[in-house]
Every structure is written in C-alpha cells, then in structure tokens.
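Encoded as structure tokens, the structure appears first; notes follow it.
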Amino acid sequence: LRILFVAEKRINAGSIQAVASYITAGDKLGHTIAMYGCPDPAFPKIRFSLNADGFDFVVFILESKLDWLSGLRLSRILSMVPRERRAVLDADGLYNNLIVVEDYDRNHATLADRDRWRESCERLGHRIFQPTSAPRDPRVKSLLFYGSNGEGQAATEAKKKWDLIHVGHNWWRWRELEQSLFPAIGRVREKIGEICFLGLWWDGCPPWAASLSLQNAFRVDPQLFRELRITIRPPVPFTQVAGAMSSAKVNLMTQRPLFQQLGIITSKYFEILCANTIPLVLISPKLAESVYGPHGRDLSLHTAIEQRIVSALETPERFMEPMERVRDHVKAQHSYTKRVQQLVTALES
Amino acid sequence: MNVLFVSKISPVARSVFPIFKYVEIGQQLGYHVALYGEQTNDTPRLPYSLDAKAFDAVIFVVYEPWDFPDMPYLAQLLDTVPKERRIIIDCCGRYNDTIRIEHDFNHLEKMDKHQGWEWIEGFEAVAGTILQPTLKPLRSNVRSFLWHAFDPASIAKPYSKPDEAAVAWADRNGGGKPFGMTYVGHNWQRWTQLKKLLEGVQPLSADFGPVVLAGADWERRPDWAEQLGIQGVDVSTELMARVRAEAKPPIPFQEMIGYMSQGRFSPVIHRPLFNELGFVTNRTFATFCADTIPVLMLPHGLVEAIYGPSALPLCVPEDVTGYFSAILRNPASHWKAVLDTRKHLAEHHTFQRRFQELTRIIEDNI
C-alpha cells in the first residue's frame, strides 16, 4: 500500500517521530509511506512527497490545531484524493464530546469549537481514528498508531548528566506536577542530584496563549523550579529524543489528564522505553498495565512517589527485571511493524 | 445574481473597499451579495453567510494563502459548490509562472511558505474560472476583470471647472491642506518610485509642504524584512527628514479618501510586478476621488488604457522637480486633466459597470 501522511511539520513536537518510524517499518514490509511536503535535510528520516494522487490513502494527523493546513495546499489534496481514500487520526481526542477533567484540562473551550473540529474531521476523512483502545464515539475507530521502533536502546551515555529528566512540553501538565510530583521531589530533594525539564514552555506561557484562552494549559511557576533546583532546557529534534532521555538515570513521563481519561497513547509511552534509562510513568497502574502489560504496574509512579524515585536512583537493579519484561511486551504488542500492519488493515477495511 | 465573496477582510488592506461596494451595489439591484463566514460585528458591517448553496457563484478574492478559509469552511465550499461556480480573482498575479521584477515577485516562498507551482495547482483545484485585474492576462485561460473600480459618489469635492478646483486647491488658508503630499499605502515594493518623488520634491520643500506616508512599515526598514532577507521594503529616514516626510499608521478604508484629500498631491504607485503585469489596484481609482492632484507613477500605456489620454499630463516625467514646480505655479491645467479623467472613469470604470461585467462572467460559467 502507498500511504501519505499529512501532518504539521514540527521537528521537536507532535507526531514526527511516529511518521519517521512508519516510513522505516513500511519499507521493511513493502509499503511506501511518506509525509506530504518537500524534502528537508532537517528531517533526515522522513520521506517527503507532494504527489498526493500517487498514494492509495492520505491520512491527516490532527493534534490540537488546524491552522497549519494551508487552504491552497489542502484544496489541491482534497481535489486529487476522493474522501473514501482519506482518513483522519484524531490524535488528541478532539472529536469527542466536550470533556473537562477536574475543572482543568479540556478538549475544547466551547461547543462551537467542538462542532468545527468534528466537521473538519468528517470532511477531511472517510474514516476517523483515535489512538486509544476504547474510543467513546461510535463513529471513531481505535488505532493506537504510536508505537515502539526498538531503536535507541543502544543510545547509551557513558556519564549521566542528570539524575532525573522529564522530556516533554508544558501542555496541560502543570496541575499534576504541582499536586503530585513536585511535593514528592521536595521531600527528598537532598537525595536527588541534578534535575532537568526539557521541552517547550517550561520557561513561561507563550504570548499567544491568552488570545486563545489557553493560559491554564501553559501554567508554570518559575519560583517553584528555582526552589526545587530544576534546570530547564529547550526541546531537541525528534532524532535526539532517545539520546536526551539517555542522559539521565531516571526519566519521568507525565501525561495530560484528558489523555489519561481517554486512554490516549502518545509517542512518549514508547520513546521512554527506547532510551538507556529507568522509565517511571506518572499514570495509574491500571493504565500502565493496559499499555505495558502486567509489569507496567512496576513502572507506574502513582503512590509513594518519592520513595520510588529514590529507589530507582539508589537501587536501579530492582527496576531492571520489570523494565525488560515491559520492553518485551512492547516489542511484541506495540512495534511499528505491528502498527503499520494495523494501519493497513484499518484503511483497507 | 447572488454572489458570495470569500476573502479575509482587513479594514486597512487589500480588497475591503471593493467588496464593500459590490455588496452595496448588489443590494441596490436586489441581489444577495455577502461574504463567506460567520456574521461578525466588525467594522465595516458586512453581511456574512455560510449557506453557499444559496448563491449563484462563489468568488475567492485572493492576495495571500490565508484568503482561503480555514477548516471546515474550505471543505464545506469545495464539497457543496460545483467547481464551475467557483471563481478566483487573483489580485497579485499568483496564477503565473514565477516572475521577478526588481525585488518584486509574484511568488515569495520566504514570506508565505508556498512555491510557485502550489499557487498554480491550488487555484486550478479551487476554481473553474480565474480572473486577474489586468487588461492583458499572460495566460490564455485567465480572463481579464479589473475588479477595482471608481466610485463617483465618493468624490470628495466634485468641482465642475478646473479653475474653480485650482483656486480652492491653491488657497492654502482656505483650502485646508496641511500637507504637500499624502500617500496611503504600505511599504511593500514601492520605495524606489517613492524615493524618486521625494528627491524631486526636496528642492521645493519650503513651498511644497510636509509629506505623510500612511501605512505599515514606513518608519524604518522592518525587522522581519531584515530577518527574512526580503528586499524592496526600504525607506530612508534621512531623506524623509529632509523633505519633512512623516510616517503614519495605516488608514481604515472609510477614511482613505479624506486622508488623501489633505495633501495637494497624492501619488499613484503600483509595485514593479503590477506595472509589468498591467495590474490595477484600489488606489488606481480611489485616488481620483480625493481632493488632490493624483501623481501617476505608472507606465504610459496603462495610464492611457485605464484613465484615457486626458490623464497623460498627470504622469510624472524625469524632471520631477520641474514637474511639481510647474503645477504649483499653474495648477489649472492639471486640474483639467484630473476632472477629465474623473469623467472618463465615471463613464468606463464604475463599480456598477464592474458588477455587470462580473454578472456576465458568472452567467458564462453556469
């Protein structure tokens, strides 16, 4: 099959790692997969194509915005590729009804926004997928989409620069960090070496957020970072994520509350296992098990957070066994080889 | 004939004035003319509609990529309106091979992230008919439609005789003209021509009066131009100081004619690309509504074709200083040219005529 992804071209965010992995895995399986656009040396693992009608299917990867879709470009794609051969991955679950989680995280600000999003999805694609095993809307099909490419485990760092690192952007994560992680770190701060938060918007809310009523999504407290002696670093390109994660003894993965509630999985679930580090995930044991298998519970950072962080730093060998079992599970269940096969089946169904 | 326009509206740029006039004239003729989108309370008040099926034609007025609507509205239009009823008015000559004139281009990937072929194929995907505001489109499949037009009702002071106009114009105390020259437009590919004018004015500065340039980026060469390496967005603050020229913010379209009327002269300057393509703009016509002597920095062929031969004396010759000096001594002959040109424009280039032309084009297609 020939599959063309249309996605926002972001080097350090979004689904770019997944697209690169689909291209590689697709080549091995005899499927030609590409991303819409011109070849770009800044994106070394991406095969680009502008020839939309040369593909059997076009899959739009939609995250939280639509404004990156140029009308000029989109008109051409829509006129070339009939709707039956177009699909949408609704990566952030915005096709759902209006959901507000704990009066904080939400998928839409208004019903009108939801309606616009829904109509966009329906007009763009004949099929709508969400990366969750249990989509809430009957019109949406499950397609986990994100997976593990197994690469990067060899990415070793002789010397660990950080004790703890969190690789990800400040996007609807602050409340959970403020309520759970930071108090726990504060209680054992003297037992932890250097801590780094690597990603966008940890240094402050972007200036455009207010006009979109998104200040809450980017909430941050620089004073708290100073008190906890947390270093902020800018994001790295997708090709360097595993390396960046491997620069720390322990990696922390967090997920915005909305995604946890919807069971939406992201690239981070698997990237963190490709790095040479101990992964600890700030999600419920149940959710961890659903993705990582039974040993996923051992990586869940749900209770006794400070003890588990200190334990990972002081006795890392205790985490090796569950980590390897989780890696085995992920390799068997969530490889991009499997994901490509699932995508092909979903498109052909 | 019910017409739905699709474009991004800005009160200080692009096609807000013609769209406003087409809506007005359409309503006078009993047609439904509206803009595509959700109704807003923004100024100017224009009727909006999302019911594309209720219109005979959908007309995309395109300057920039963002003149196409966002999702889901773009797909709504493409899904519900047949291509033969979709028309593009290509206001910047995008639907041509890539053309460079001096520093001016019709495709500028650095600015809008689109390559030349994307404009061509994108336009062909959207519309069955492509129009350009020139008498001579380069491509055989493009129809000429000037789009912009003259509005006699907007003439600030409709003098009947040149002498009357000249007396009022020359009367500094009673004429109410605080400026020697006013220019309303943005700093985009116009400096070369404007520089020539300002240098010509400089020796007359004491008699000429101050100059104002109202529009974006006249204070200095903007940072974005520097960062992107874009040429043709230039300005010399030294020259502006020497001729007592002042940069002012952009003027809303409703105030444009009144603002130009504050100057004794107002230049009509087309960017080099437009001169090459013979494109007209809103200012081509609106300047003749102001109580000012329009100063034409345009190719003679275009002047004659659009304004008629009576406008030729308004073309600026090589000796700019001598030209202005002569008008300041004897304005009546130039006012005759202005009034004759207004008459020509009122006969040949009104919005009413344009609406009829547009109606014929639509009827040819549906």
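Quick note on labels: first sequence line is chain A, next is B, and so on, each numbered from 1. All figures in this text were calculated on a predicted structure; none of them were measured in a lab.
Most heavy-atom pairs under 4.5 Å with chain A: of the set Trp119(B), Trp66(B), Phe123(B), this distinction falls to Trp119(B).
Identified by a heavy-atom distance below 4.5 Å to chain B, the contributing residues of residues 65-76 of chain A are Leu66(A), Leu69(A), Ser70(A), Gly71(A), Leu72(A), Arg73(A), Leu74(A), Ser75(A), Arg76(A), in residue-number order. Taking non-hydrogen atoms and a 4.5 Å limit, the residue list of residues 119-127 of chain A in contact with chain B, ordered by number, reads Glu119(A), Ser120(A), Arg123(A), Leu124(A).
Contacts between Glu124(B) and chain A at a heavy-atom distance below 4.5 Å are absent for every atom of the residue. In this structure, chain A has a heavy atom under 4.5 Å from the side chain of Glu38(B), while its backbone stays farther away.
Between Trp117(A) and Met71(B), every side-chain heavy-atom pair lies at or beyond the 4.5 Å cut-off.
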